[in-house]
Amino acid sequence: MERWVMLRKGADFAGIGKKFQISPRLACLIRNRDVVGEEAIGQYLNGTIGDLCDGMLMKDMDKAVEILREKLEEGKRLRVIGDYDIDGVNATYILLEGLKRLGADADYDIPDRMTDGYGLNIHLIQRAYDDGVDTVLTCDNGIAAAEEIAFGKDMGMTVIVTDHHEVPFEEWGGKKQYLLPPADAVVDPKRPDCEYPFPHLCGAAVAYKLMEALWESMGRDSEDLDDLIENVAIATVGDVMDLKGENRIFVKEGLQMLERTRNPGLRSLIECTGLADKTISAYHIGFVLGPCLNASGRLDTAKRALRLLEAKTRKEADQLAWDLKALNDSRKEMTEKAVKEAELMVEASALKEDRVLVIYLPDCHESLAGIVAGRIRERYYKPAFVLTNASEGLKGSGRSIEAYSMYEELSRCKDLLMRFGGHRQAAGLSMKRENLESFRKMINDYCTLTPKDLTEKVVIDMEMPFSCVTEGLIRELALLEPFGKGNTKPVFAARNVRLMDMRVMGRKKNVLKMRAVDANGNTVEAVYFGDVENLSGRKDTLLSITYYPTLNEYMGQATPQIVITHYQTA
C-alpha cells in the first residue's frame, strides 16, 4: 500500500506570483520544490549560464589549472581516462575538446567494463606510461583509486583527478576520516574541505568547470566552450543527478542547444531515434538518447559512444548512431529477461522477507546489473543489489530508496568486498563468490529501515478540481521544466472521482483512455499507462487519484487531459 503525503509548505504565494508574474498556484509548486527567497526563485525561473558559480571556488582547481598550463606550454603528452557510462563518456569528450582546442597533445582511454572494471586500474596506468604519457587526467573516477594513483606517481607521472563521487572514508571513534588519493590535484566538489556552493554536479560538469577555468587562465574566451554544455546536460540527466541549482541551468540551457546541435554524432542519434522533429526534453535524454550512449559501454566498448561524439562526417556519424541504437535494442531484450528471472527468484524464496534484496543472477550480463537492480527496487520498493559472475568473483550494482544510503551501508561491509564505490542512491561492488551469503546477511543485519521507510511515498503537491485543468495552466507548468530527479512533475490529486467510457488502447494493450468526473461534476479526458486491467475493473467506483495535466495535440487541436499516475479506493 502506498503512503500518500500532501505537501503543506507556506509562503506568500500571491506576493510571489505578483513579483514574478506567475499564478499563486505556480508559486506554491515552486515552494514545494524547496525553492525559497527571491534570488532562488528568480534563478529557478530565469537562471542562465551567467548564474553559474566560478569553478575556481573548487578545492584544488587552481592547482589543476596551473599544472595543465605548464604541461601545455611544455608540450607534454596528456591522457584523459574516463569511465564507460554516459557521464564518463561525455566528461572525457569535454576534457578532450577543451584541451585540443588549446593545441594540447591529448588522447584518451576508457576502461572496458568486462576486462578492466570501473575507473582507474594498474593496467590503464601502465599502458599510459608505456605510451609515453606524462600526465593522466581522470574524469568521473579517480577519487577512490589511491593505489592506482600511487603507482603512477611512483613512475614519475603527474596525475590530476576530477570526480564527483563520494570520498572514501574510514570510521575511527565514530568519526569519519576521509581518504584522498595522492594525486597532484584532486578536484571533487564532494570533498569535505571543498567550499564550492553546489556540490551536486555530475562528472561532466566538473570537467566543464575545469576547462572553463583553464581557458580563462590562458586568456581565452570560455564562451567558445558553450557548445559543450549540451554534453553536460546529457550527462546530468543520464547520471540521474538532482535537477536543482546549477544542474537545472545546465540541463535547461543544454536542451535548447541540443535541438540545434552542430555535433554530427548527436544529430545523427537524434534522427535515428525519431526525435528530429520533436522538442527534446529531459525525458528523451533519460529514456531515448541516453540509453543508446550507455549501451556501447554495456555490451561493446564505450569508446564507440565517444567516437560518435567525435565524428566529423555525416556518413561516420550515421553508422555509429545506428550501431548504438541496435545495441540498445539488444540491451532492452536482455534486460527484460533478467528482470523476470530476478522477480521469480525473489517470489520463490526467502529473499522476499529481506529488507535489502541481494540477488545473484549468474547468467545476467554484468553490465545490466544496475538496470535490473533499479527495476527490482521499483517493484518491491526496497534497496536492491544484483550480482553476477565476473572474471574474478562476483560483480554487481545496487539501487536504493530514499531512506537508505547505499554507499555508507556498503562501507560497513567493506571487509567482505574487493571494491566498491558510488553514491547514496546507487553503487557498484565486487566480492569473492564465497562471501555472497555473508554479505547478504551482514547488509541486512546492519539495515535499520522501518516498515514506514519501506512503504513507497507518493508526494502530492495539492488537491485540484478538474475545472482548473486548462490550457493556460498547462502551458504555465512548462515554466517548471526540465523535470527529473529533484524537480519532478507536479502531482495533483482529486477525491471521489468516477472513471467512465474506458477503452484499452496501444499495441501492447497497456494504455487506458477514459473520461474522469470529479466530485463537482467536472469532466476531463484521462489516460493511464500500466496495469490497465486492474483499473478498468474500477468502472463507476469512487476513487482518489493523483494526476498530471497535459495537452493532447491532434490534427492541430490542443485539448487538456490528465495522466492518472496513482489511484486508491476513496
Side-chain angles (χ1 to χ4, degrees), residues 1-10 13 22-33 283 378-379 381 402 452 455-481 483-484 487-554 557-570:
M1 186 69 174
E2 299 160 341
R3 181 163 53 97
W4 289 17
V5 178
M6 183 76 70
L7 291 176
R8 301 185 186 280
K9 298 183 179 182
F13 301 130
I22 58 176
S23 68
R25 177 171 280 113
L26 199 76
C28 177
L29 294 172
I30 292 172
R31 174 63 185 89
N32 283 351
R33 278 137 191 80
Y283 172 86
E378 291 171 8
R379 165 77 187 272
Y381 200 71
E402 182 181 349
K452 184 178 179 181
T455 303
E456 184 174 4
K457 185 167 63 173
V458 177
V459 178
I460 300 167
D461 283 286
M462 63 181 71
E463 284 193 67
M464 188 171 75
F466 296 157
S467 58
C468 295
V469 180
T470 64
E471 184 174 347
L473 170 73
I474 294 165
R475 297 201 183 280
E476 188 182 39
L477 291 178
L479 295 174
L480 303 178
E481 295 182 12
F483 296 126
N487 188 54
T488 56
K489 285 184 176 182
V491 177
F492 300 100
R495 307 173 197 253
N496 298 317
V497 173
R498 290 186 185 276
L499 303 179
M500 307 170 64
D501 300 333
M502 298 183 182
R503 54 197 186 279
V504 178
M505 304 179 68
R507 183 169 54 87
K508 297 182 179 180
K509 303 298 182 184
N510 62 345
V511 180
L512 191 64
K513 292 209 72 172
M514 68 210 94
R515 287 190 304 120
V517 184
D518 67 15
N520 297 319
N522 302 302
T523 302
V524 67
E525 293 295 315
V527 64
Y528 176 76
F529 302 92
D531 185 1
V532 300
E533 185 175 343
N534 191 16
L535 182 55
S536 60
R538 306 295 186 97
K539 182 180 179 182
D540 293 329
T541 302
L542 284 178
L543 299 174
S544 294
I545 67 167
T546 64
Y547 69 91
Y548 176 74
T550 185
L551 287 177
N552 179 23
E553 299 192 36
Y554 181 71
Q557 291 285 101
T559 307
Q561 70 174 13
I562 64 171
V563 177
I564 297 174
T565 53
H566 301 83
Y567 60 90
Q568 294 179 352
T569 302

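Residue numbers run from 1 in the order of the sequence given. Computed from heavy atoms alone, side chains included, the values below leave out hydrogens, waters and symmetry copies.
The distance from atom CG of D518 to atom CG of L543, rounded to the nearest 0.5 Å, is 13.0 Å. With rounding to the nearest 0.5 angstrom, the CZ atom of R503 is 9.0 Å from the CE atom of M514. Rounded to the nearest 0.5 Å, atoms CG (L480) and CG (N487) are 7.0 Å apart. Separating the CZ atom in R475 from the CG atom in L551 is a distance of 5.0 Å, to the nearest 0.5 Å. Of the inter-residue distances, the one linking T565 atom OG1 with K489 atom NZ reads 10.0 Å to the nearest 0.5 angstrom. Note that OG1 of T455 is 11.0 Å distant from NZ of K457, once rounded to the nearest 0.5 Å.
In this structure, the side chain of N520 does not engage the main chain of N522 through any donor-acceptor pair within 3.5 Å. Listed for the D461 side chain is no donor-acceptor partner under 3.5 Å among the backbone atoms of L29. Proximity of a side-chain donor or acceptor of E476 to a complementary backbone N or O of S23 within less than 3.5 Å is detected. Between the side chain of S544 and the backbone N or O of Q568, no donor-acceptor pair lies under 3.5 Å.
Between A558 and E471, the shortest heavy-atom distance links the atoms O-OE1, 4.1 Å. Among all heavy-atom pairs drawn from F13 and R31, the shortest one is CE2-CB, 3.8 Å. Heavy atoms only, all atoms of each residue included: I22 and I30 are closest at CD1-CD1, 3.9 Å. Here the closest heavy-atom approach between residue L473 and residue C468 is recorded as CD2-O, 3.3 Å. Annotation for R25 and F492: closest pair CD-CE2, 4.4 Å, computed over non-hydrogen atoms. Heavy atoms only, all atoms of each residue included: V469 and P549 are closest at CG1-CB, 3.9 Å.
Shown here is R495, whose CZ atom has no more than 12 heavy atoms of other residues, nucleotides or ligands within 6.0 Å.
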query: Going through the distances and angles, do N552 and Q557 end up as a side chain to side chain contact (heavy atoms under 4.5 Å, CB included)?
result: CA-CA 8 Å; N552 179 23; Q557 291 285 101; over 6 Å; no
message: Is there a side chain to side chain contact (heavy atoms under 4.5 Å, CB included) between I562 and I545? Walk through the geometry before answering.
response: CA-CA 11 Å; I562 64 171; I545 67 167; 4.0 Å; yes
- request: Would you please test Y547 and Q561 for side chain to side chain contact (heavy atoms under 4.5 Å, CB included) and show each step?
  value: CA-CA 10 Å; Y547 69 91; Q561 70 174 13; over 6 Å; no
task: Could you walk me through whether M500 and T523 pass the side chain to side chain contact (heavy atoms under 4.5 Å, CB included) test, one step at a time?
output: CA-CA 10 Å; M500 307 170 64; T523 302; over 6 Å; no
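By the 30° and 60° cut-offs, the orientation of the rings of H566 relative to W4 is perpendicular.
For the pair V532 and M505, the minimum side-chain heavy-atom distance is 4.5 Å or more. Looking only at side-chain heavy atoms (C-beta outward), V511 and V527 come within less than 4.5 Å of each other. Residues L542 and R498 meet the side-chain proximity criterion, which asks for heavy atoms closer than 4.5 Å.
K9 meets the side chain to side chain donor-acceptor pair (under 3.5 Å) test with D34; sequence neighbours excluded.
Counted by atom type alone, E525 and T559 present zero donor-acceptor pairs between their side chains at under 3.5 Å. At a cut-off of 3.5 Å, with distance as the only test, a side-chain donor of Y567 or N534 sits close to an acceptor on the other residue.
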